Amino acid sequence: MVNNRNILVNWILCCIFLRTAWGSSKYEIDEFNLKYYNLTLDKELSLVNKNEDNVLLPFNITRVPGTKESLFIQSYIQKYYNNTMENDWDLEIDQFEASGYNFTNIVYTLNPDAKRFVVLSAHYDSKLEPKGFIGGMDSAAPCAILLYVSRFIDQVYSQDKLNIDGEMGVKIVFFDGEEAFKEWSDTDSLYGSRHLAKKWAQEGVIEQIETFVLLDLIGSEGNHTIPTYYRKGHKQYRLLNDIEDAFLQTVYGEQTKKHKELNKRERGFLSMNQLLIDDDHAPFWRQGVPVLHLIPNPFPPVWHTIDDDFHHLDQGNINKWAILMCEYLQTRMAFPNE
Ligand SMILES: *[C@@H]1O[C@H](CO)[C@@H](O)[C@H](O)[C@H]1NC(C)=O
Ligand SMILES: *[C@@H]1O[C@H](CO)[C@@H](O)[C@H](O)[C@H]1NC(C)=O
Ligand SMILES: *[C@@H]1O[C@H](CO)[C@@H](O)[C@H](O)[C@H]1NC(C)=O
Ligand SMILES: *[C@@H]1O[C@H](CO)[C@@H](O)[C@H](O)[C@H]1NC(C)=O
Ligand SMILES: *[C@@H]1O[C@H](CO)[C@@H](O)[C@H](O)[C@H]1NC(C)=O
Ligand SMILES: [Zn+2]
């Protein structure tokens with residue numbers, strides 16, 4: 001982990017700059033964050049660089065609920081938070097049995113006493129069929145990105161607390177049981193998210209969620225488009241769109257051939273404002289939570305085939321979403337009301 005004082009002290013300066021920048025609806029990715037990405041991405045999210053800090057390669061296994069591979073991943077995630085975070089992250093384990101399987105949602109919370117939370121989520125389980133299905137984009141890469149972003153915001157929180165709004169907290173959710181075992185239906189799918197949404201409704205957490213971000217089918221090769229789906233999340237989509245514009249101007253933007261995935265003017269889904277893609281956000285969306293669903297439409301061609309493996313992931317796209325999520329979260333934590 002980087003512990004370069006200069007980077008961190010300068011975070012304070014950059015945030016002042018960022019406020020001005022976003023005020024005029026233009027976003028800038030500051031040099032100090034870029035330096036952080038430069039020092040960490042290649043180690044932590046690389047498809048080829050095998051080392052103990054790599055958080056992506058451990059997900060290159062099947063992760064069917066209740067199996068030993070699933071238990072390995074659960075323990076891997078917990079070890080990661082145990083061993084790399086500087087701040088106290090509160091652990092919530094939501095475990096239950098349904099349809100003859102054991103499911104385990106894992107939630108880590110930074111600043112658990114906060115009044116409001118930004119939720120970042122992905123599912124860590126993989127499909128039972130086809131046999132040996134890995135789910136590189138569905139959702140190995142999104143889970144690894146969440147781990148990377150957690151460490152980033154943990155550092156910001158340690159070093160730049162002045163620029164974090166004390167009323168804001170972060171919840172990182174790793175859902176189990178997103179996939180259907182047989183045919184997708186209301187009762188055979190979304191086991192984890194349905195259970196957690198119900199639990200959080202009973203506990204009053206639902207009302208505290210300011211934005212629920214779900215990453216799914218992210219990190220695969222090829223050019224994709226990710227439209228804006230919901231009116232309540234559109235303001236957040238616009239922020240992310242501005243961040244993407246800034247990203248494309250960086251050296252990392254070149255790794256993605258400057259292909260733009262977001263398009264705030266394409267309003268087809270927005271005008272319908274309906275649940276057309278069933279996914280882990282659905283049980284939360286139905287309770288009125290503002291949702292930012294980050295999923296390409298159309299789905300990438302490897303979707304639910306044996307080809308959704310690590311060979312069909314794209315390093316540039318993985319780096320991109322790691323950076324976009326870091327920038328997004330830092331901004332949300334600094335200026336929750338803008
Ligand atoms: C990372 O930094 C090194 C050294 O400054 C530079 O040579 C390299 O091009 C940078 N890479 C990226 C992707 O920014
Ligand atoms: C992922 O695992 C498969 C099967 O074990 C292996 O062939 C492949 O090289 C691995 N991919 C990466 C990027 O490590
Ligand atoms: C993480 O730390 C907690 C508390 O110290 C401990 O109970 C738990 O076993 C640890 N988990 C792993 C997977 O290391
Ligand atoms: C679920 O876990 C419990 C406790 O570890 C175990 O007793 C039970 O047999 C498991 N159920 C299934 C369906 O694997
Ligand atoms: C992807 O998008 C970039 C930028 O728009 C373009 O240069 C490239 O040719 C596209 N690649 C494919 C395979 O369509
Ligand atoms: Zn899937």
Side-chain angles (χ1 to χ4, degrees), residues 1 55 73-96 103-125 139 142-178 192-216 233 236 280-281 283-285 287-292 294 322 325-337:
M1 179 49 30
V55 298
I73 285 295
Q74 290 170 35
S75 133
Y76 177 75
I77 291 170
Q78 291 182 36
K79 274 191 206 135
Y80 183 76
Y81 283 87
N82 273 6
N83 298 338
T84 67
M85 300 302 162
E86 291 180 1
N87 296 280
D88 285 334
W89 288 72
D90 183 77
L91 168 62
E92 174 181 357
I93 299 257
D94 175 30
Q95 213 157 24
F96 60 99
F103 297 98
T104 308
N105 295 316
I106 300 175
V107 185
Y108 275 96
T109 305
L110 181 60
N111 196 12
D113 298 328
K115 294 206 174 84
R116 298 182 289 157
F117 295 93
V118 171
V119 175
L120 301 189
S121 64
H123 73 86
Y124 73 87
D125 65 302
S139 282
C143 287
I145 289 169
L146 292 189
L147 293 178
Y148 179 86
V149 174
S150 297
R151 199 167 179 183
F152 170 84
I153 202 68
D154 184 69
Q155 294 276 306
V156 174
Y157 199 81
S158 299
Q159 316 285 351
D160 192 22
K161 212 165 183 169
L162 280 177
N163 281 306
I164 298 285
D165 189 304
E167 296 199 342
M168 292 298 292
V170 184
K171 286 184 187 289
I172 308 284
V173 182
F174 300 90
F175 287 117
D176 199 0
E178 189 263 354
S193 49
R194 284 188 284 132
H195 196 268
L196 190 68
K198 206 165 162 187
K199 179 173 188 277
W200 279 4
Q202 284 158 3
E203 294 172 352
V205 178
I206 288 285
E207 293 84 65
Q208 294 182 299
I209 303 176
E210 192 161 88
T211 312
F212 180 99
V213 184
L214 175 63
L215 286 91
D216 202 358
Q236 303 306 316
D280 282 325
H281 65 301
F284 298 86
W285 182 85
Q287 297 191 59
V289 173
V291 167
L292 186 55
L294 299 173
M325 284 295 104
C326 288
E327 295 290 323
Y328 174 80
L329 193 56
Q330 187 183 17
T331 304
R332 297 296 294 140
M333 296 296 277
F335 315 115
N337 300 315

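It should be emphasised that the depicted structure is a prediction, and the values quoted were computed from it without experimental measurement.
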Report task. Considering non-hydrogen atoms only, spot the tightest contact between P336 and D165 and give its length. Result -> CG-OD2, 3.4 Å
Query raised in the report: Closest approach of L214 and H281, non-hydrogen atoms and distance?
Result: CD2-N, 3.5 Å
Requested in this report: State, with a plain yes or no, whether a side-chain heavy atom of Y80 is found less than 4.5 Å away from one of R151.
Outcome: yes
Requested in this report: Decide yes or no for M85 and L110: does some side-chain heavy atom of the first lie under 4.5 Å from some side-chain heavy atom of the second?
Outcome: no
Requested in this report: First locate atom CG of N83, then atom CD of Q78, and finally report the distance between them rounded to the nearest 0.5 Å.
Outcome: 11.0 Å
Query raised in the report: Do V107 and D94 have side-chain heavy atoms sitting under 4.5 Å apart?
Result: no
Report task. Measure the shortest side-chain to side-chain distance between R332 and T211 over non-hydrogen atoms and say whether it is less than 4.5 angstrom. Result -> yes
Report task. Could you check if a side-chain atom of Y108 sits within less than 4.5 angstrom of a side-chain atom of I77, using non-hydrogen atoms only? Result -> yes
Query - Residues T109 and D90: side-chain donor-acceptor under 3.5 angstrom - result: no
**Report entry** Approximate separation, where rounding is to 0.5 Å, of Y124 OH and I106 CD1
**Finding:** 5.0 Å
Query raised in the report: Are E203 and E92 side-chain neighbours, meaning at least one heavy-atom pair lies under 4.5 Å?
Result: yes
Query raised in the report: How long is the span from the CG atom in N87 to the CD atom in Q155, to the nearest 0.5 Å?
Result: 9.0 Å
Query raised in the report: For the atom pair CD (Q208) and CE (M168), what is the distance rounded to the nearest 0.5 Å?
Result: 11.0 Å
Query raised in the report: So W200 and F284, would you call those rings parallel, tilted or perpendicular, with 30° and 60° as cut-offs?
Result: perpendicular
Query - Exercise: identify the closest heavy-atom pair between S158 and E86 - result: OG-OE1, 2.9 Å
Query - CA sep, side-chain torsions, deciding dist, call: W89, I172, side-chain contact (heavy atoms from CB on, under 4.5 Å) - result: CA-CA 10 Å; W89 288 72; I172 308 284; 3.8 Å; yes
Query raised in the report: Under a 4.5 Å cut-off applied to non-hydrogen side-chain atoms, are Q236 and V213 in contact?
Result: no
**Report entry** Minimum heavy-atom distance Y148-C326, with the two atoms named
**Finding:** CE2-SG, 3.8 Å
Query raised in the report: How many angstroms lie between CD1 in I93 and CD in Q74, if you round to the nearest 0.5 Å?
Result: 7.0 Å
**Report entry** Point-to-point distance, once rounded to the nearest 0.5 Å, from OH of Y157 to CZ of F152
**Finding:** 15.0 Å
Query raised in the report: What is the minimum heavy-atom distance between G169 and A114, and which atoms define it?
Result: N-CB, 3.4 Å
Query raised in the report: Does the side-chain contact (heavy atoms from CB on, under 4.5 Å) test come out yes or no for L329 and V118, once each step is laid out?
Result: CA-CA 8 Å; L329 193 56; V118 171; 3.8 Å; yes
Query - Test item: side-chain donor near acceptor, H195 and N105, under 3.5 Å - result: no
Query raised in the report: Going by heavy atoms in the side chains, are L196 and F103 under 4.5 Å from each other?
Result: no
Query raised in the report: Are a donor atom and an acceptor atom from the side chains of D216 and S139 found within less than 3.5 Å of each other?
Result: yes
Requested in this report: Just do the side-chain contact (heavy atoms from CB on, under 4.5 Å) check on Y76 and L147 with the steps written out, would you?
Outcome: CA-CA 11 Å; Y76 177 75; L147 293 178; 3.9 Å; yes
Query raised in the report: M333 and N111: side-chain contact (heavy atoms from CB on, under 4.5 Å), yes or no, with the steps?
Result: CA-CA 11 Å; M333 296 296 277; N111 196 12; 5.8 Å; no
Requested in this report: Ignoring hydrogens and angles, tell me if any N or O in the side chain of Q95 forms a donor-acceptor pair with the backbone of T104 under 3.5 Å.
Outcome: no
